[in-house]
Number of protein chains: 2
Amino acid sequence: MDAHLLRTFVAVAECGSFSAAAAELGYTQSAVSQQIAALESNLGTALLHRRPVVPTPAGERLLEHAGPILLRLDAARADVLRVVGEPPGSIVFGATPLAASPHVARALTELRRSRPGIEVTFAVAGREEVARGVAAGEYHLGLVDGIAAPSDPLKLTAHGTTTAVQNEPLVVALPTDHPLARRRRINLHDLLDARWIDAPEVAAPLPDLRAATETDAIRSTLTYTGTDVLSLLALVAAGHGLAVLPASLTLPGGVAAVPVESPRLVHRTELLHGHVDEPAATTLAAVLADAGERSTG
Amino acid sequence: MDAHLLRTFVAVAECGSFSAAAAELGYTQSAVSQQIAALESNLGTALLHRRPVVPTPAGERLLEHAGPILLRLDAARADVLRVVGEPPGSIVFGATPLAASPHVARALTELRRSRPGIEVTFAVAGREEVARGVAAGEYHLGLVDGIAAPSDPLKLTAHGTTTAVQNEPLVVALPTDHPLARRRRINLHDLLDARWIDAPEVAAPLPDLRAATETDAIRSTLTYTGTDVLSLLALVAAGHGLAVLPASLTLPGGVAAVPVESPRLVHRTELLHGHVDEPAATTLAAVLADAGERSTG
DNA sequence: CGCTGTTACGCATCCCGTAAGGATA
DNA sequence: TATCCTTACGGGATGCGTAACAGCG
């Protein structure tokens with residue numbers, strides 16, 4: 001099970017085509033075919049159906065491992081190089097939208113204080129991209145949000161250190177003219193029939209809500225893949241569907257927020273960093289966590 | 001960064017010798033030398049000092065990643081093979097000592113109920129061994145204990161699914177004639193000057209206590225590497241040192257238990273399992289967790 | 001000198017690319 | 001027939017082992 005075999009296997013599975021994967025990886029179709037054959041022979045089982053190219057159950061299982069393994073290999077390399085290389089002249093800071101908005105200003109203040117004159121780049125991206133980028137050394141620090149049971153960690157495929165920065169309650173965002181908009185609190189089980197907006201990057205991902213409510217009844221007719229929270233809120237205000245958001249978000253007109261009472265969930269923010277940035281990251285995490293404590297009581 | 005290069009790197013680092021690692025892996029010394037050279041050239045930095053053979057800082061960092069990567073590769077293979085292979089005719093159940101004693105009987109009852117007539121093997125081993133064995137498919141199920149902040153997960157390098165089974169308070173075990181033995185509760189910070197027994201497999205590991213108390217003052221003059229709890233308690237009764245244990249443990253004469261009030265820590269037990277055993281594991285986890293709830297209030 | 005790691009060199013293997021073959025729509 | 005994956009085959013690179021060499025006690 002060589003690493004590059006896993007890499008091409010992932011590429012083939014993602015592309016759904018040997019030839020497309022070959023083009024993407026710079027191989028010939030023949031080489032890709034041979035590599036997949038080698039992997040299947042090594043494991044003694046078929047991993048892909050052909051025509052169409054779809055993973056077998058065994059292939060699905062391997063896919064679950066392959067991504068994290070390859071990520072960790074990149075993380076290992078990045079980590080070793082960080083030990084050897086000089087400290088970076090600038091800091092690249094990745095954050096998911098719902099993590100960035102409450103924390104970016106404070107993080108910048110702390111970074112300016114601890115490393116005067118240093119150049120900082122903020123990049124807002126999706127959860128997987130931030131986790132991957134921090135592991136691979138492209139970002140020095142990352143802030144990732146998500147929902148979880150109270151005190152549970154986020155389920156990230158992260159390979160550096162993760163530090164909890166903030167836990168805060170959740171709210172359901174709904175149009176102000178929605179019949180439930182004036183409720184004092186709400187139970188997600190009462191909203192199983194509602195229409196949800198599937199906005200995995202700027203709201204609680206629906207799969208997480210399904211897991212938390214232990215049902216797959218939560219359904220959506222509108223998917224929003226962007227990273228701009230205001231756009232999502234405009235959709236909510238226009239009645240296209242509901243979304244679960246952190247309570248601290250300041251909402252524009254037309255959108256009401258009702259605290260989620262059950263199931264017990266929190267919006268959690270975690271700071272990720274590679275090993276070498278550890279001292280700076282520790283104080284940064286402390287500052288952010290302290291701010292989180294104060295703002296959420 | 002090929003997987004087998006990592007494997008030989010780990011072996012060399014563990015053996016502290018190229019030739020010993022070569023013997024262990026079935027290579028010649030020359031091959032090992034070439035492999036390490038290839039890895040170092042690939043990463044562009046030295047990983048090992050020679051004579052004596054000791055990891056460089058970069059090598060230390062790589063070592064932190066290499067173990068989990070190799071484990072995960074084994075886990076991936078085991079997982080794929082489980083999908084393909086037939087369901088096992090017998091179940092191998094691994095557990096750490098402090099996880100086994102309260103749960104083994106109940107787990108056996110549940111396994112007998114869910115799979116009548118099935119043959120079950122219980123193996124008591126260290127934390128790393130159980131986590132590794134479950135990932136590699138040698139054990140079908142594993143119970144691992146450890147200490148953690150309340151609701152925090154254990155820090156294991158596990159690659160299957162982990163489910164919390166029990167959280168319970170901690171006690172300090174001390175001889176009945178110890179001056180603090182009649183206290184109603186105790187703060188670990190008051191015991192920094194005490195003498196501790198370093199028994200990582202049958203008591204709270206001292207490094208965890210140091211991390212929790214945020215000091216490295218906790219020191220030990222006696223190490224116990226076995227997996228028999230009673231032997232440790234005999235050492236405690238004889239005044240050789242203190243140990244932190246789960247509160248539910250029934251203590252023999254000569255040993256007193258004082259609840260730990262601060263820092264806030266719990267003794268946590270988690271069930272590990274590979275993917276394929278999921279249905280059985282889920283109900284087993286539920287049964288164990290239910291029992292834990294009842295026994296600890 | 002004895003031990004251990006490195007370097008040189010030859011050989012087997014592996015792996016990719018080219019090109020031909022076969023299966024499916 | 002067109003597309004896509006597989007197979008056959010050749011050449012280059014890789015990687016191991018043998019053996020000679022070099023540093024350290």
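Chain letters run A, B, ... following the sequence lines, proteins first, then strands; residues in each count from 1.
- Listed by chain and number, the residues in a salt bridge (Lys or Arg N to Asp or Glu O under 4.0 Å) with B:D74 are B:R7 (sequence neighbours excluded).
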Name the pairs: protein N/O against N/O of nucleotides 22-25 of chain D, kept only if under 3.5 Å.
unit_1: D:dG23; atom_1: N2; unit_2: B:R51; atom_2: NH1; d: 3.1

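- At a threshold of 4.5 Å between non-hydrogen side-chain atoms, the residues A:L272 and A:Y139 do not count as touching.
- Residues from residues 22-43 of chain A with heavy atoms under 4.0 angstrom of DNA chain C, sorted by number: A:G26, A:Y27, A:T28, A:S30, A:A31, A:Q34, A:Q35.
- Contact annotation: the side chain of A:L232 approaches that of A:I197 to within less than 4.5 Å [non-hydrogen atoms, C-beta and beyond].
- In the displayed structure, A:E60 atom CD is contacted under 6.0 Å by more than 12 heavy atoms of other residues, nucleotides or ligands.
- Residues satisfying the ring-ring contact (aromatic ring centres under 6.0 Å, His included) criterion with A:F18, sequence neighbours excluded, are absent altogether.
- For B:S220 against B:T223, the heavy-atom pair with the smallest separation is OG-OG1, 4.3 Å.
- Residues B:H49 and B:T56 form a side-chain contact, since some pair of their non-hydrogen atoms from C-beta on lies under 4.5 Å apart.
- The side chain to side chain donor-acceptor pair (under 3.5 Å) contacts involving residues 18-38 of chain A comprise A:T8-A:Q35, A:S17-A:S19, A:S30-A:Q34, where partners must be two or more places apart or lie in separate chains.
- Using a 4.0 Å cut-off on heavy atoms, the residues of residues 2-21 of chain B that approach DNA chain C are B:S17, B:F18, B:S19, listed by number.
- Using a 4.5 Å heavy-atom threshold, the side chains of A:L209 and A:P207 count as separate.
- Contact annotation: the side chain of B:V80 approaches that of A:T45 to within less than 4.5 Å [non-hydrogen atoms, C-beta and beyond].
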